[in-house]
Amino acid sequence: MNHTSHAAGSREIAWNEAFCSEGANCFRFGLDDSGRAYIGSTLAPDAYVSDSVEALRALISAVKAGAADHLL
């Protein structure tokens, strides 16, 4: 299910259902109408990072490969 907001100026962001872990730490991914990717937290709905879909894809690949394991 996607949720749409207008948080990025006049752009509409279609947010995917949030991914939640224990303790209700929830993150969500979204795309705007120009194809830009977003990552946000449900605790701060107006705060997010944004970059290209390619950059998001590279980030996810790096995390899957263990680049962020030291944070766990």
(message) Using a 4.5 Å cut-off between side-chain heavy atoms of Ile, Leu, Val, Met, Phe, Trp and Tyr, which other residues end up in the same hydrophobic cluster as V53?
(response)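 When side chains under 4.5 Å apart are linked, the cluster holding V53 also contains L31.
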(message) My understanding is that a hydrophobic cluster links ILVMFWY residues whose side chain heavy atoms are under 4.5 Å apart, including indirect links. Using that, what else belongs to the cluster containing I39?
(response)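 I39 shares its hydrophobic cluster with F19, F29, V49, L56, L59, I60, V63.
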(request) List for me each residue that meets side-chain contact (heavy atoms from CB on, under 4.5 Å) alongside A67, sequence neighbours excluded, and say none if there are none. (result)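 Expected list: A62.
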(message) Rounded to the nearest 0.5 Å, what separates atom CG in D51 from atom CZ in R57?
(response) 12.0 Å
(request) Apply ring pair (Phe, Tyr, Trp, His ring centres under 6.0 Å) to F27 and list each qualifying residue two or more places apart in sequence or on a separate chain. (result)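 So F27 forms no ring pair (Phe, Tyr, Trp, His ring centres under 6.0 Å) with any residue.
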(request) Keeping the roles fixed (side chain from S50, backbone from Y38), state whether a donor-acceptor pair exists under 3.5 Å. (result)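 No, the answer is negative, given that no donor and acceptor are paired below the 3.5 Å cut-off.
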(request) Could you tell me whether a side-chain N or O of R28 sits under 3.5 Å from a main-chain N or O of P45, the two making a donor and an acceptor? (result)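 Looks like yes, one N/O pair under 3.5 Å.
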(message) Quick test of your reading: applying disulfide bond (SG atoms under 2.5 Å apart), list the pairs with at least one residue in residues 30-72, sequence neighbours left out, ordered by first then second residue.
(response) none
(message) By the disulfide bond (SG atoms under 2.5 Å apart) test, which pairs, at least two apart or in different chains, include something from residues 26-72?
(response)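 Counting only pairs at least two positions apart or across chains, the disulfide bond (SG atoms under 2.5 Å apart) contacts touching residues 26-72 are C20-C26.
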